[in-house]
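Here is how names work: the chains are called A, B, and so on, in the same order as the sequence lines, proteins then strands, and each is numbered from 1.
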Amino acid sequence: MTTDTLAAILAEPAEIAARRLLGARLLVDGVGGRIVETEAYTPDDPASHAFRGPTPRNAVMFGPVGRVYVYRIYGLHWCLNIVCDTSMPGSAVLIRALEPTDGIDEMRERRGLADVRKLCSGPGRLCQALGVTGDLNGTPVDHPPFQLEPAPPVKVLTGTRIGLTRAAETPWRFGLAGSRFLSSPFR
DNA sequence: GTTCCGATGTACT
DNA sequence: GTACATCGGAACG
């Protein structure tokens with residue numbers, strides 16, 4: 001099995017890109033790990049920030065593929081997405097969990113927590129661990145401070161997305177099978 | 001292990 | 001005013 005280039009993965013529809021990003025290594029200033037959990041969002045999806053069309057907040061989602069869309073959630077936390085799908089503007093993949101591999105001590109300091117299992121197991125947690133804030137909104141994910149290295153295809157778990165009220169039944173949450181670093185179990 | 005709830009910014013009705 | 005792609009701590013079992 002060959003490994004697709006990053007550009008090829010991010011050109012795909014959100015559901016495909018979300019699956020193929022599992023296993024990829026994501027770093028911010030050298031700190032990060034393997035992506036083990038993602039969710040797909042499309043502009044025709046009532047749960048997506050893009051559903052109502054472009055606004056100042058979601059403008060990056062409608063721009064070039066491969067940039068990061070970072071937004072604040074519940075007034076407290078940040079969430080990191082990667083814009084995808086060259087044929088459907090407004091598509092993105094939410095990065096929900098990482099298996100920490102690089103800069104673990106720095107992540108522990110930022111999180112104020114020793115337990116590696118909980119450093120990046122959730123969208124808000126991983127942004128805190130990697131130092132991702134709204135300042136990075138719109139940055140290309142293949143340019144500093146970001147690095148994203150694709151990996152060969154992995155075995156994928158599928159489930160419903162987390163924390164939604166609308167389109168809650170759509171099975172667009174994806175996990176790396178067997179990972180101990182998921183934000184919550186798949187069923 | 002589980003459930004409940006407060007914190008707090010921004011977009012939208 | 002209400003909803004929200006969340007988290008951590010308290011209370012309980």
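- Of the residues in residues 45-80 of chain A, those placing a heavy atom less than 4.0 Å from an atom of DNA chain B are R52(A), T55(A), R57(A), R72(A), Y74(A), G75(A), L76(A), in numerical order.
- With 3.5 Å as the limit, one finds no donor-acceptor pair spanning the side chains of R110(A) and Q128(A).
- For the atom pair CG (L164(A)) and CZ (R173(A)), the distance works out to 11.0 Å, reported to the nearest 0.5 Å.
- Taking the six-membered ring where the residue is Trp, the centroids of Y71(A) and H49(A) are separated by under 6.0 Å.
- Taking atom CZ of R166(A) as the reference point, atom P of dT2(C) lies 17 Å away to the nearest angstrom.
- Contacts of residues 113-141 of chain A with DNA chain B (heavy atom under 4.0 Å): none.
- The two residues L176(A) and I35(A) make their nearest non-hydrogen contact at CD2-O, 4.4 Å.
- The shortest non-hydrogen separation linking A92(A) to A14(A) is O-CB, 3.8 Å.
- Other residues, nucleotides and ligands place no more than 12 heavy atoms under 6.0 Å from the CD atom of E109(A).
- Here the CG-CG distance, from L126(A) to L26(A), works out to 7.5 Å after rounding to the nearest 0.5 Å.
- Note on R173(A): nothing from the nucleic acid sits closer than 4.0 angstrom, heavy atoms only.
- Look at R25(A) and D102(A) and you find a salt bridge, because one of the NZ, NE, NH1 or NH2 atoms lies within 4.0 Å of a carboxylate O, short of that distance.
- Stem list for DNA chain C (at least 3 consecutive Watson-Crick or G-U pairs, distances under 3.5 Å): B:1-7 with C:6-12, B:9-12 with C:1-4.
- Taking atom C1' in both dT10(B) and dG8(C), one finds a spacing of 22 Å when rounded to whole Å.
- Look at R67(A) and D142(A) and you find no salt bridge, because none of the NZ, NE, NH1 or NH2 atoms lies under 4.0 Å from a carboxylate O.
- Just one of S179(A), S183(A), S184(A) meets the side chain to side chain donor-acceptor pair (under 3.5 Å) condition when paired with E37(A); it is S183(A).
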